[in-house]
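No hydrogens, no waters, no symmetry mates; every other heavy atom, side chains included, goes into these values. Note on naming: letters A, B, ... go to the chains in the order of the sequence lines (proteins, then strands), and numbering restarts at 1 for each one.
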Protein chains: 2
Amino acid sequence: MGVKEKRAKYKEEFRREILDAARELFINEGYEKFSMRRLAEKIDYSATTIYLYFRNKDDLLFAICEEFFGHFSDKLNHIRALSQDPVETLRHALLYLMNFGLENPNQYKLIFFTKSVYGTREEWVEQESMARNTYFVFREIVQDCINAGKFQDIDVDVIVDTLSIASHGVMAKNIHCANFSKERSDIVAHTLVDVILRGLQRQISFE
Amino acid sequence: MGVKEKRAKYKEEFRREILDAARELFINEGYEKFSMRRLAEKIDYSATTIYLYFRNKDDLLFAICEEFFGHFSDKLNHIRALSQDPVETLRHALLYLMNFGLENPNQYKLIFFTKSVYGTREEWVEQESMARNTYFVFREIVQDCINAGKFQDIDVDVIVDTLSIASHGVMAKNIHCANFSKERSDIVAHTLVDVILRGLQRQISFE
DNA sequence: AGCTAAGCTTAACAGCGTTAAGATTGACTA
DNA sequence: TAGTCAATCTTAACGCTGTTAAGCTTAGCT
């Protein structure tokens with residue numbers, strides 16, 4: 001292994017180290033308290049060093065987001081793999097997302113409430129990313145419901161957006177309004193999922 | 001009119017002036033570009049002068065939020081006044097909120113995505129505010145639906161939260177993801193409202 | 001031993017919210 | 001009318017932010 005490769009390896013490892021420290025700082029201290037200088041202090045380097053491994057703060061945030069979406073898309077695939085009823089799979093996936101958001105508000109805030117780390121919709125569609133992969137897996141889960149004839153005749157992408165928006169809203173409320181307890185958010189999350197899935201379905205069971 | 005009253009009047013007027021300039025700055029330049037110093041420049045005073053009329057930046061934001069909620073609760077009351085079918089009234093109210101958010105992203109962002117201007121849920125419930133008034137009007141519209149026997153047996157507050165969360169989500173997506181066009185958001189907003197109202201209702205019309 | 005370049009740091013810029021202290025101004029009183 | 005006092009506004013500063021330019025240190029290769 002040549003020197004250049006060794007350096008490259010080292011560089012990659014350091015990048016990891018910074019990334020891990022950054023995520024930890026976010027989770028423990030919260031979104032507001034995060035700063036490049038605090039991160040630098042945590043890893044015992046000067047703030048400018050970080051800029052040798054990440055173009056800027058947004059680049060760092062992007063990396064963390066991508067990592068999360070990697071895990072999340074894995075989890076979605078897993079949920080889908082042990083699928084019985086497609087609608088129940090979808091319900092499971094939605095509740096998983098919301099629960100993650102409610103239990104990890106700082107991380108969720110970082111991921112979803114950061115100003116446009118993924119650019120415009122066009123850029124997002126064109127450029128390969130874990131976020132896009134996650135979207136596609138989620139989309140397939142919805143498509144499964146449609147294929148099974150469970151849903152009304154609505155465009156799959158519209159349904160996907162509708163659903164992601166709903167779970168988004170739960171977190172938005174929980175994080176930004178600060179009026180919500182975890183228990184209350186849980187109740188509302190379940191109600192929202194129930195109501196939406198009920199509203200989407202073609203046939204509805206009466207009580 | 002004594003001097004003290006005159007001063008008080010003037011002070012109130014200046015407060016208004018600052019408030020109007022602040023809102024304008026928010027709407028035109030966007031949330032990110034807003035700062036106390038830029039606002040000061042706009043009104044041709046030094047930045048510190050603002051602090052004689054508002055305790056701090058949050059206090060200023062609070063004032064703007066309250067003003068909006070004043071208008072919004074009026075609008076809701078108006079919609080409710082010319083009510084025919086309660087569910088249609090609710091639909092109307094929801095679409096009005098979402099449409100406002102989609103057409104005034106900066107203002108909406110300021111109002112709903114600012115860190116806890118209204119404190120915890122307990123503080124929010126106890127302390128009189130336009131935001132709370134708006135909530136109550138909205139709550140009554142939902143209660144109308146329940147009283148008319150249109151909805152399933154779900155707690156009124158849970159429904160209100162569910163609905164506000166949903167509209168919240170539309171804006172969250174539209175504002176923060178930057179992947180969404182106005183048209184697409186419109187479609188998704190209508191779909192979301194349709195699906196949720198359908199899901200909430202006791203009896204559902206099949207197509 | 002001397003050169004080269006990678007790796008890291010110090011110093012600085014321009015911006016932020018906010019506060020303390022001082023200047024200005026206008027009105028009331030002695 | 002001169003003097004006092006308080007309201008009003010500004011200048012200067014603190015400590016923070018993201019980010020860049022320039023310089024220092026050190027390790028590897030010739």
Side-chain angles (χ1 to χ4, degrees), chain A residues 1-19 21-23 25-26 28-65 106 109-110 113-117, chain B residues 1-19 21-23 25-26 28-65 106 109-110 113-117:
Chain A
M1 194 190 267
V3 177
K4 269 196 174 165
E5 283 79 12
K6 225 171 188 175
R7 283 194 189 279
K9 173 86 185 302
Y10 176 67
K11 189 145 188 166
E12 193 50 48
E13 273 171 11
F14 198 177
R15 213 183 125 93
R16 268 245 62 79
E17 210 173 295
I18 296 174
L19 216 56
R23 195 184 44 249
L25 198 60
F26 260 114
N28 295 340
E29 305 282 331
Y31 181 88
E32 277 78 17
K33 285 189 177 173
F34 177 89
S35 79
M36 297 300 259
R37 282 178 160 91
R38 285 173 75 97
L39 174 58
E41 202 175 339
K42 188 179 164 74
I43 60 174
D44 259 319
Y45 283 85
S46 80
T48 49
T49 300
I50 302 173
Y51 287 84
L52 301 172
Y53 298 87
F54 296 91
R55 280 208 327 282
N56 51 32
K57 194 181 175 182
D58 276 353
D59 191 32
L60 204 162
L61 296 186
F62 178 84
I64 296 181
C65 290
N106 284 326
K109 200 190 305 195
L110 160 63
F113 292 91
T114 277
K115 57 164 169 106
S116 59
V117 273
Chain B
M1 192 188 271
V3 177
K4 271 198 173 162
E5 284 78 12
K6 225 173 189 173
R7 283 193 189 281
K9 174 88 186 299
Y10 174 69
K11 188 142 187 168
E12 194 50 48
E13 273 173 10
F14 198 178
R15 212 184 125 95
R16 268 246 61 78
E17 213 172 293
I18 296 174
L19 216 54
R23 195 184 43 248
L25 198 60
F26 260 114
N28 295 340
E29 305 282 332
Y31 180 88
E32 277 78 17
K33 285 188 176 173
F34 177 88
S35 78
M36 298 300 260
R37 284 178 157 90
R38 284 172 76 98
L39 174 58
E41 203 174 339
K42 187 179 165 74
I43 60 175
D44 260 321
Y45 284 85
S46 80
T48 50
T49 300
I50 302 172
Y51 287 85
L52 301 172
Y53 298 87
F54 296 91
R55 281 207 327 281
N56 51 31
K57 195 181 176 183
D58 276 352
D59 191 33
L60 206 162
L61 296 186
F62 178 83
I64 297 181
C65 289
N106 283 325
K109 199 191 305 194
L110 160 63
F113 293 92
T114 275
K115 57 165 167 103
S116 58
V117 273

- Query: How far does the helix from C:dA1-D:dT30 to C:dA30-D:dT1 bend, going by the axes of its first and last five pairs, to the nearest 10°?
  - Reply: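 Roughly 40°, once rounded to the nearest ten degrees.
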- Only counting residues at least two apart or in another chain, list the ones meeting side-chain contact (heavy atoms from CB on, under 4.5 Å) with A:Thr48.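 Counting only residues at least two positions away or on another chain, A:Thr48 forms a side-chain contact (heavy atoms from CB on, under 4.5 Å) with A:Ser46.
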- Message: Regarding B:Tyr53, tell me which of base, sugar-phosphate or nothing describes its non-hydrogen contacts under 4.0 Å with the strands shown.
- Response: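 Sugar-phosphate contact only.
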- Within the structure shown, what part of the strands sits under 4.0 Å from B:Ser35 by heavy-atom distance: base, sugar-phosphate, or nothing?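 Sugar-phosphate, backbone atoms only, no base.
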Atom-pair distance ([atom1] on [X]; [atom2] on [N]), nearest Å:
X       : N      : atom1 : atom2 : result
A:Glu29 : D:dT17 : CD    : P     : 12 Å
B:Lys33 : C:dA14 : NZ    : C1'   : 16 Å
B:Asp59 : C:dG17 : CG    : P     : 15 Å
A:Ile50 : C:dT9  : CD1   : P     : 10 Å
B:Tyr45 : D:dT8  : OH    : P     : 11 Å
B:Glu41 : D:dT10 : CD    : C1'   : 15 Å
B:Glu17 : D:dC9  : CD    : P     : 10 Å

- Query: More 5' along DNA chain D: A:Phe34 or B:Thr49, using each one's nearest nucleotide?
  - Reply: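 Its nearest nucleotide lies further toward 5', so the answer is B:Thr49.
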- Report, as a single string ordered 5' to 3', how protein heavy atoms within less than 4.0 Å touch nucleotides 19-26 of chain D: B base, S sugar-phosphate only, - not at all. BBB-----
- Item | Set of ring-ring contact (aromatic ring centres under 6.0 Å, His included) partners for B:Tyr51, sequence neighbours left out |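 Expected list: none.
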- Query: Can you name the ring-ring contact (aromatic ring centres under 6.0 Å, His included) partners of B:Phe54, sequence neighbours left out?
  - Reply: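 Per chain and number, B:Phe54 pairs via ring-ring contact (aromatic ring centres under 6.0 Å, His included) with no residue.
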- OP1 or OP2 of D:dT11 sitting under 4.0 Å from any side-chain N/O of B:Ser46?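 It does not, given that no N or O in the side chain of B:Ser46 lies less than 4.0 Å from OP1 or OP2 of D:dT11.
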Please output the side-chain donor-acceptor pairs of residues 36-44 of chain A that fall under 3.5 Å, not counting sequence neighbours, one pair per line with the distance.
{"unit_1": "A:Arg38", "atom_1": "NE", "unit_2": "A:Lys33", "atom_2": "O", "d": "2.9"}
{"unit_1": "A:Arg38", "atom_1": "NH2", "unit_2": "A:Glu29", "atom_2": "OE1", "d": "3.4"}
{"unit_1": "A:Lys42", "atom_1": "NZ", "unit_2": "A:Glu24", "atom_2": "OE2", "d": "3.3"}

- Query: Sequence neighbours excluded, which residues qualify as salt bridge (charged side-chain N to carboxylate O under 4.0 Å, His left out) partners of A:Arg16?
  - Reply: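 Salt bridge (charged side-chain N to carboxylate O under 4.0 Å, His left out) list for A:Arg16, sorted by chain: A:Asp20, A:Glu67.
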- Using the benzene-type ring in the case of Trp, are the ring centres of B:Phe14 and B:Tyr45 under 6.0 Å apart?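 Yes, ring centres under 6.0 Å apart.
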- Message: Parallel, tilted or perpendicular: which one describes the rings of A:Tyr31 and A:Phe26, with boundaries at 30° and 60°?
- Response: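 The rings of A:Tyr31 and A:Phe26 sit tilted, inter-plane angle from 30° to 60°.
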- Item | Distance, nearest 0.5 Å, that separates CD1 of B:Ile18 from CG of B:Leu25 |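 One finds 13.0 Å between CD1 of B:Ile18 and CG of B:Leu25.
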- Task: Mind checking side chain to side chain donor-acceptor pair (under 3.5 Å) for A:Ser35 and listing every partner two or more places apart, or none if nothing turns up?
- Result: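 For A:Ser35, no residue satisfies side chain to side chain donor-acceptor pair (under 3.5 Å) once neighbours in sequence are set aside.
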